[in-house]
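Step one of this worksheet: look at the structure below.
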Amino acid sequence: MAAQSVGIKDVARAAGVSVGTVSNVINRPDAVAVETRARVQSAIERLGYVRSESARQLRAGRSRIVALLVLDMGNPFFVDVARGAERAARAAGMRVMVCNSAQSPEEEAEYLSLFAEQRVRGVLLTPADATGRNLDAFRRHGIPFVLVDRVAADAAECSVSVDDVAGGALAVRHLVAAGHRSIAYISGPPHLQQIRDRREGALRALAEAGLEPETLREIPTESLDVPAGRDAGARLLGLADRPTAAFCANDLLALGLLQSMFAAGVAVPRDMAIVGYDDIEFAAAATVPLTSVRQPAVRMGTLAAELLLQESGGDMADHRHEHIVLQPELVVRDSSPPRR
């Protein structure tokens, strides 16, 4: 038999006060006498009463929930983005609901539908659907959203991103300066704009150095995790004319690649230099500390949440969309010193 839900009337009856008094204890405790407040709080604890947030939202006409939809919560980069968003939301009296699309357009569509049903305050998201159909469908609900780690294609919404073209160029420029003339690009799912932008930056760095595009040999992966990096490493090791360096689309791929090199007895960086992307905490703690392109993930999440709160807190018709592009930074460690 299902347990019966405890309501505010049950608390009022148990405490011997009016429903209005219970409401004041919950929402305006300073307006209630200390003795009465203690009696009501005791009844709340005894009965296990939890107020209905959905009912509160209906009365107030506004939600305190901000949704964050990311590509992969297994990636520490997105954990840092969530940390920044949560910090900004909490300062404004809001809470963040974090969801994971797993890089799936179908799962993304389901979550966006859920957010519309729940009438969340707004949404922060890194799109998984390259076609834009999911966002087109979500716009009709009138719920504001901000793109995170993605540049908005037009002026229809705010965005906070990192210049991934510049980041790819930083990585490959570093490897070229170290003397490498055959470089692998361990990439991810091609429908992700970040993957394409980092490749574009890598090709620009090669062009600057007077090197042909063929200098960069792409090894695609279906995901952006450590097992995919290990699999890419096995394919890299099987090449007859193996590149001497690898630029990985993120640090998890780089860590998997490092594991495969270690297992095969390939010395890093002597026989294979490796550069990752994101500069997650584990990059510096790897067996061979990873050189990585650092993204300011926490700041990205904070700025995105602040933009969303600004838009949802006022007259949306008067809101001016902003497109913030942050700059990456190359952090050089032991996985890619200059060749001797």
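Residue numbers run from 1 in the order of the sequence given.
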### Task
Go through the steps to decide whether Arg121 and Ser312 satisfy the test side-chain hydrogen bond (donor to acceptor under 3.5 Å, both in side chains), and finish with yes or no.
CA-CA 7 Å; Arg121 180 69 165 257; Ser312 63; 3.1 Å; yes
### Message
Tell me whether Asn250 contacts the main-chain N or O of Leu224 through its side chain, where contact means a donor paired with an acceptor under 3.5 Å.
### Response
yes
### Message
Taking salt bridge (charged side-chain N to carboxylate O under 4.0 Å, His left out) as the criterion, tell me which of Arg139, Arg140, Arg133 meets it with Asp136.
### Response
Arg139
### Query
Counting only heavy atoms not in Glu281, do more than 12 sit closer than 6.0 Å to its CD atom?
no
### Message
Please list all pairs meeting ring-ring contact (aromatic ring centres under 6.0 Å, His included) that have one or both residues in residues 256-285, counting only residues at least two apart or in different chains.
### Response
none
### Query
Which residue pairs pass the ring-ring contact (aromatic ring centres under 6.0 Å, His included) test with at least one member in residues 182-213, sequence neighbours excluded?
Tyr185-Phe247
### Task
Could you give me the CA-CA distance, side-chain angles and deciding distance for Glu107 and Ser101, then say whether side-chain hydrogen bond (donor to acceptor under 3.5 Å, both in side chains) is met?
CA-CA 5 Å; Glu107 291 193 32; Ser101 72; over 6 Å; no
### Query
Would Asp149 and Ser161 count as a side-chain hydrogen bond (donor to acceptor under 3.5 Å, both in side chains) if you check the C-alpha gap in whole Å, the side-chain angles of each, and the deciding distance to 0.1 Å?
CA-CA 4 Å; Asp149 195 30; Ser161 62; over 6 Å; no
### Task
First locate atom CG of Leu203, then atom OG1 of Thr215, and finally report the distance between them rounded to the nearest 0.5 Å.
9.5 Å
Result block: side-chain N/O donor-acceptor pairs under 3.5 angstrom for residues 225-241, not counting sequence neighbours:
from, atom 1, to, atom 2, distance (Å)
Asp225, OD1, Ser223, OG, 3.0
Asp225, OD1, Ala228, N, 3.0
Asp225, OD2, Ser223, OG, 3.3
Arg230, NH1, Gln259, OE1, 2.7
Asp231, OD2, Arg235, NE, 3.2
Asp231, OD2, Arg235, NH2, 3.0
Arg235, NH1, Pro220, O, 3.0
Arg235, NH2, Pro220, O, 2.8
Asp241, OD1, Arg217, NH1, 3.0
Asp241, OD2, Arg217, NH1, 3.3

### Message
side-chain hydrogen bond (donor to acceptor under 3.5 Å, both in side chains), that's the test. Do Thr291 and His174 meet it? Break it down for me.
### Response
CA-CA 10 Å; Thr291 293; His174 166 69; 4.6 Å; no
### Message
Please report the interatomic distance CG(Asn134) to CG(Leu69), rounded to the nearest 0.5 Å.
### Response
9.5 Å
